[in-house]
Q: 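Take this structure, written in structure tokens, and hold onto it; I'll ask about it next.
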Amino acid sequence: MKRNNPEWLKQAVFYQIYPQSFYDSNDDGIGDIPGIIQKLDYLESLGINAVWINPCFVSPFHDAGYDVADYTRVAPRYGTNEDLKRLFEEAKKRDIRIVLDLVPGHTSVEHPWFQASQKHGKNPYSDYYIWTNSVFEFPPSDLQVVRGFAQRDAGFITNFFWCQPALNYGFAQTDPSLPWMQPVDAEGPQMVRQEIKKVMAFWLALGASGFRVDMAMSLVKHDPEKTETARFWTEIREWLDAAYPEAVIIAEWGEPKQSIPAGFHVDFQLGFGSPGWVSLLRNQGWGSWRDPYNWSFFDESGHGTIMHFLDEYLPRLNETAGKGYIALITGNHDEVPRIAQGRSLAMMKLIYLFLLTMPGTPFIYYGDEIGMRYLNLPSKEGGYVRTGVRTPMQWSNEKNAGFSNAPAEALYLPVDDAADRPTIADQEHDPDSLLNRVRSLIKTRKALKALQADGDFEVVYAEHGKLPFVYTRAKGGQKVMVALNPSNKEVSVDLPEELNNADFDVLDVPAGAQIARNGSGWRLTLGPVSGAMIKVS
Ligand code: NOJ
């Protein structure tokens, strides 16, 4: 079936906002929706045209809001539904679309559906969650169970933390000896699907432009090929194409080969299930990066390789071309540490040159545009090690880095108090700042067709143990070549023969890059930690 792919996605550059930490408009120490509205001019000046907001709904916040207690009400600490509607409207005036976070796989234990479901007597919600036959039963070990937290004599299956009971989408493979594993077409799973669709319709009608979908691959249990989970999303996509053709669904799935055919417009290249992503961006000192496999490509030692990333990325790109997009991210509220950790300004600029010239849909995590750092903090709202990437946005050097007027001890999380912390105010007027570099790259991405999400991608030069990494993007007769040298040594490469007669128009060359004749061919030279963007004709 032919799917509708909204035009705007081709030009989309997303910005992710963790609402707790963006901007506090009412001095209570926590960010809020009116605060986001107040910062829309800033977002517009950055050039982004879409925003994803982490869950902002009623919740006990045992997992920062990924434990929803009311899907259709904004958490009072962030404001009201009216505020969110105003955000949709104000953002639209600036050509910015707002995408919400949908958590379809589980709720909070405080959700009224769960409160009813856990009761002893049979009621309309009894089968909204997955309950074992008895509290003394242990389910198969691939399922997480919580026992002893319900009136009914049963344990419930969870998706993440204990307080996030899995909604019942059924089991793709059932087991006659365990009848509580209901088939996908049973009444409970079918009702749950309708409920989630209603939630989506509610926010789309109010002006949301779509959803980032939490753990999108996790819905149907015992679904090894994800066939039944995909079937649900395909139905949702067909409904969206007909009813909300401009709306998008963005999967937290991490396997575009499954999620895009299933119906998602975009899927993320993420840390989990993606050694390629780790080998590309994860900073030194984190995870198993010292293993040669995990040296980040963007490391001055030059020990990294782009090949692990390409081995993973190219098949994904080829299989999804023309159908949907892969999202490369600077980071998110789960990925630790922050991308700028331990990296120089030159390296950060190089990373952005890469991220903003690749196909698909780039996502910038708030604060990464100025190189905010990871803070080592005690866990907040189920963040644990992730807490340090969730600290307040650093707007200025005023009180609380300009994030809030509340007393410092009332802040959601402490602000980075380092004397040399990056701030928007400091970088705003510095033409060489990371912030202004990100701005100009976003502008270039928007101006060049070849750099659009669906422009072709071709590797020109990529070799294990050698640099630079060179690729082209092309669309509608326009071709742009990008070359990257993360190492601290000058590197050169002879361009392939088919480019012998090409003309080059250097669009963007940080110091040290040159392209010069070498016999009848061309030789490209890049200085330490630098890159180039060159128009080819
Ligand atoms: C993925 C989210 O990004 C993460 O923050 C959350 O804890 C889990 N899903 C559970 O919803």
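Counting starts at 1 for both ligands and their atoms, in listed order. FYI, the numbering just counts along the sequence from 1. Treat the numbers as computed from the prediction; the structure is a model and nothing was measured.
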Q: With Glu82, which residues qualify under salt bridge (Lys or Arg N to Asp or Glu O under 4.0 Å), at least two apart?
A: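 For Glu82 there are no salt bridge (Lys or Arg N to Asp or Glu O under 4.0 Å) partners, ignoring immediate neighbours.
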Q: Near Arg386, which atoms of ligand 1 are under 4.0 Å from a heavy atom of that residue?
A: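 Atoms satisfying the 4.0 Å criterion: 4 (C), 5 (O), 6 (C), 7 (O).
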Q: Could a heavy atom of Arg212 be found less than 4.0 Å from some atom of ligand 1?
A: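 Under 4.0 Å: yes for Arg212.
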Q: Among all protein non-hydrogen atoms, which one is nearest to atom 9 (N) of ligand 1, and what is the separation to 0.1 Å?
A: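 Closest protein heavy atom to atom 9 (N) of ligand 1: Asp214 OD1, 2.8 Å.
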Q: Is the closest basic N to carboxylate O distance between Lys85 and Asp83 below 4.0 Å?
A: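 Result for this pair is no, no salt bridge flagged.
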Q: Any idea which atoms of ligand 1 are less than 4.0 Å away from a heavy-atom of Asp334?
A: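 Those qualifying, in numeric order: 1 (C), 2 (C), 3 (O), 4 (C), 5 (O).
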Q: So if I count the atoms of ligand 1 from 1 in the order they appear, which ones are less than 4.0 Å from some heavy atom of His333?
A: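 Reading through ligand 1 atom by atom, the close ones are 2 (C), 3 (O), 4 (C), 5 (O).
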Q: Between Tyr169 and Arg193, is any pair of side-chain heavy atoms under 4.5 Å apart?
A: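 In contact.
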Q: Could you check whether the rings of Tyr18 and Tyr366 sit parallel, tilted or perpendicular, using 30° and 60° as the cut-offs?
A: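 Parallel, since the angle between the ring planes stays under 30°.
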Q: Heavy-atom contacts with Asp63 under 4.0 Å: which atoms of ligand 1 show up? List them by number with element.
A: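 Close to Asp63: 6 (C), 7 (O), 8 (C), 10 (C), 11 (O).
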Q: Return each pair, listed once, that meets ring pair (Phe, Tyr, Trp, His ring centres under 6.0 Å) where at least one residue sits in residues 201-220; pairs must be two or more places apart or across chains.
A: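 Every ring pair (Phe, Tyr, Trp, His ring centres under 6.0 Å) pair that includes a residue of residues 201-220, provided the two are not neighbours, is Phe57-Trp203.
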Q: Number the atoms of ligand 1 from 1 as they appear, then name those within less than 4.0 Å of a heavy atom of Met215, with their elements.
A: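 Those of ligand 1 that fall under 4.0 Å from Met215 are 9 (N), 10 (C).
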Q: Among Ile33, Leu43, Asn54, which one satisfies side chain to side chain contact (heavy atoms under 4.5 Å, CB included) with Ile17?
A: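 For Ile17, the side chain to side chain contact (heavy atoms under 4.5 Å, CB included) check succeeds only for Leu43.
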